[in-house]
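Shown next, in structure tokens, is the structure this report addresses.
We name chains A, B, ... by the order of the sequence lines, and we start the count at 1 in each one.
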Protein chains: 2
Amino acid sequence: MQTTVTLRDVARAAKVSVSTASRALAGGGLTSRATENRLQRIAAELGYRPNTLARGLKTRSTRLVGLVVHNLTNASFRVLAEVVQRRLRAEGYQALLCITADDPEQEAATIETLADQRVDGLIICPTGRNGALLAALEASGTPVTCVVRRDESVELETVLAADPEGAYAGTRHLLDLGHRRIGLVVGRQETTSGRERLSGYRRALEEAGIAFDPSLVHAGRYEPETGLSGCRQLLDRDNRPTALFVANHESSLGVLRGLAERDIAVPDDISLLCYEDVPGFAWQRPAISVVDSGANAMAELAADRLLQRLRPNAAPHVATAREYRIGARLIQRQSCRPVAH
Amino acid sequence: MQTTVTLRDVARAAKVSVSTASRALAGGGLTSRATENRLQRIAAELGYRPNTLARGLKTRSTRLVGLVVHNLTNASFRVLAEVVQRRLRAEGYQALLCITADDPEQEAATIETLADQRVDGLIICPTGRNGALLAALEASGTPVTCVVRRDESVELETVLAADPEGAYAGTRHLLDLGHRRIGLVVGRQETTSGRERLSGYRRALEEAGIAFDPSLVHAGRYEPETGLSGCRQLLDRDNRPTALFVANHESSLGVLRGLAERDIAVPDDISLLCYEDVPGFAWQRPAISVVDSGANAMAELAADRLLQRLRPNAAPHVATAREYRIGARLIQRQSCRPVAH
DNA sequence: CCATGCTCCGCAAACGTTTGCGGCTGCAAG
DNA sequence: CTTGCAGCCGCAAACGTTTGCGGAGCATGG
């Protein structure tokens with residue numbers, strides 16, 4: 001354990017007081033140009049590194065922001081973590097990554113810990129069960145922005161995907177190709193995204209004058225197994241769908257396998273449209289058409305919004321507690337084809 | 001900005017000194033059972049939360065450890081991040097996630113920042129160009145353990161995959177199936193893993209008495225493009241290989257596509273063996289055989305080792321600067337088949 | 001020559017904890 | 001009744017910064 005060099009040491013070496021040392025290194029022009037340079041040099045020579053803790057204690061600002069997500073496997077969360085981390089760093093902040101596994105208990109513990117850590121801000125994909133904690137944080141002066149999911153129980157700045165529109169655009173695309181029986185495998189209806197994607201699907205059907213057939217939709221957890229079972233169920237109908245819309249990314253692996261095990265070729269025998277633009281879809285043969293929910297843009301915006309509120313001109317946060325939606329985008333590749341009749 | 005309640009406040013409310021308040025809440029039996037309970041209660045009532053900064057400043061221990069990886073896309077890094085984060089939290093530590101994009105400059109900046117943050121420890125997948133910084137950190141009393149990659153320029157605790165053995169086991173498997181021309185697409189030879197996997201491949205060939213043919217190996221960056229170009233190159237030989245060993249996970253997408261675009265069926269027309277056990281391989285049709293480099297185990301061990309050194313009974317770290325290897329494992333699925341002759 | 005103002009710097013207090021040291025109380029032993 | 005000994009607790013210093021306030025030096029204008 002070496003003796004770490006402190007501000008005192010450089011002040012002593014330069015024969016000035018600690019305060020001038022501090023001011024010189026801060027460089028706000030509060031000292032003469034000469035001493036400023038001199039201290040910079042001496043500090044460098046001595047290998048001085050400021051103690052973030054002491055600084056934070058005094059200034060009431062660690063430059064830390066909490067980033068809490070459910071996992072890192074889901075593509076949305078992964079890019080969220082990557083871009084938020086990058087954007088924050090560019091502005092001199094550090095990300096404190098926490099993983100909740102979508103478990104409210106862990107989420108609660110995490111939020112408390114982050115609060116103890118005196119993070120300057122929080123970007124969170126909430127479970128929805130800890131609204132009170134988040135509200136308390138925000139009320140205590142720590143901006144929090146929710147992303148990907150909303151916490152319905154409380155008013156917070158939130159950036160979401162435009163799921164209703166995305167799902168609408170996707171099924172609309174299939175309808176335009178002439179499909180009339182479109183199987184949907186989607187997320188659990190307890191989640192906002194699950195509900196919203198289903199509703200987009202229904203709206204498109206309705207608009208096309210097609211009756212909604214509940215037996216054509218399979219809702220389940222965000223897992224490949226869901227896709228497999230959904231795929232089997234949909235293919236075993238007497239009137240098999242001519243297109244599949246997998247509006248739940250994790251399930252795609254499962255339906256792909258389901259199709260393969262029955263030797264049903266895409267797009268010859270059936271059209272396939274997925275959700276989320278992960279690299280695998282583009283590289284696959286045939287390349288899979290997708291509706292891209294804009295994970296990247298969501299992450300960028302979330303970081304933007306939080307950083308905005310972190311800037312000195314502290315805007316009244318209550319007024320900014322609005323909801324942003326990121327537009328979805330249809331990416332056509334080779335997995336959808338006009339229906340043959 | 002609410003008035004956050006401090007230890008002073010609870011002390012005042014309880015009519016004791018700040019020191020007893022501190023001791024009571026610490027709960028080491030340094031105060032009477034009665035006051036201990038009383039203070040716990042009062043603290044809870046007031047909603048007291050300790051200030052981690054002040055505590056850290058005094059005790060010289062934030063309970064933070066830095067976790068720096070190249071990205072979150074690569075499966076090894078992803079599971080690394082997930083399990084390290086989990087393990088740390090279980091022991092009361094928080095992970096500070098940093099992403100370097102494999103760029104030495106960013107890595108250097110990151111390490112400095114983490115040092116300023118006074119992290120208690122560091123788990124890093126090094127680029128290899130900042131050994132001095134890492135050594136300095138370790139010398140200053142902050143344990144650092146390297147993982148996935150080694151920094152050759154300095155002696156640090158390191159946990160790695162058993163790449164030579166993994167690659168050996170993989171090509172050995174293909175040899176056992178009767179393959180004699182085995183194409184290899186592998187990582188850049190500037191990286192340890194790239195070199196080690198190639199050497200494992202060569203050793204297996206040598207052992208089987210087969211001459212090493214450089215034109216059968218394609219080394220490139222960790223990207224799908226590498227796989228695609230490698231695949232094309234290998235298939236365009238007059239004497240096309242009967243098996244492909246893709247010892248570089250990212251490239252797999254590319255070779256899969258390369259095979260598909262030439263209508264070469266796996267395993268009927270060619271055998272395929274990949275590296276790293278990502279879910280996609282298991283769900284694919286045919287399911288892809290892989291050699292699993294044990295990312296999970298690596299992450300667990302790295303966390304273990306660091307936590308071990310973080311415990312009070314500070315072992316002399318120099319003595320523990322050893323290298324651990326995680327065994328690789330061959331997982332046979334349906335993508336390899338005996339060669340027909 | 002004095003008043004005024006500006007630039008640069010030092011003093012000391014604060015931020016919220018932890019912890020060594022010593023003092024008080026009360027009880028048992030001598 | 002004195003002494004010794006625990007058991008609890010308070011005092012104050014420390015951790016390494018930042019920052020308001022005031023003082024010294026100097027030049028400028030009248």
Regarding S19(A) and S17(A), is there a side-chain donor-to-acceptor distance under 3.5 Å anywhere?
yes
With a non-hydrogen cut-off below 4.0 angstrom, is T6(A) in contact with a base, only sugar-phosphate, or nothing?
sugar-phosphate
Euclidean distance, atom NZ of residue K15(A) to atom P of dG10(C) [Å, nearest integer]
12 Å
Toward the 5' end of DNA chain D, which comes first, A54(A) or T31(B), by nearest nucleotide?
T31(B)
Which is true for R118(A) with a 4.0 Å heavy-atom rule: it touches a base, it touches only sugar-phosphate, or it touches nothing?
nothing
Starting at CZ of R8(A) and ending at P of dG10(C), how long is that distance when rounded to a whole Å?
15 Å
With sugar-phosphate meaning primed atoms plus P, OP1 and OP2, does T59(A) contact a base, only sugar-phosphate, or nothing at under 4.0 Å between heavy atoms?
sugar-phosphate
Give R33(B) one of three labels, base, sugar-phosphate or nothing, depending on what nucleic acid heavy atoms sit under 4.0 Å from its own.
nothing
For a quick test of reading the model, state the closest non-hydrogen atom pair linking L7(A) to Y48(A) and the distance between them.
N-CE1, 3.4 Å
May I ask you to say what S19(A) touches in the nucleic acid, namely base, sugar-phosphate or nothing, with a heavy-atom cut-off under 4.0 Å?
base
Below 4.0 angstrom, N of the basic side chain to O of the carboxylate: do R86(A) and E82(A) qualify?
no
Determine the minimum heavy-atom distance between T145(A) and A302(A), stating which atoms define it.
OG1-O, 4.1 Å
Footprint ends on DNA chain D, 5' to 3', for atoms under 4.0 angstrom from a heavy atom of chain A, come out as dG16(D) to dG20(D)
Of L7(A) and T35(B), whose closest DNA chain D nucleotide lies nearer the 5' terminus?
T35(B)
Run the side chain to side chain contact (heavy atoms under 4.5 Å, CB included) test on T127(B) and D103(B) for me, step by step, so that the C-alpha distance in whole Å, both residues' side-chain angles and the decisive distance to 0.1 Å come before the verdict.
CA-CA 7 Å; T127(B) 64; D103(B) 169 17; over 6 Å; no
Exactly one of V119(B), L64(B), T52(B) should register a side-chain contact (heavy atoms from CB on, under 4.5 Å) with Q94(B). Which one does?
L64(B)
Just to be sure I understand the rule, does S22(A) reach a base, reach only the sugar-phosphate, or reach nothing, if contact means heavy atoms closer than 4.0 Å?
base
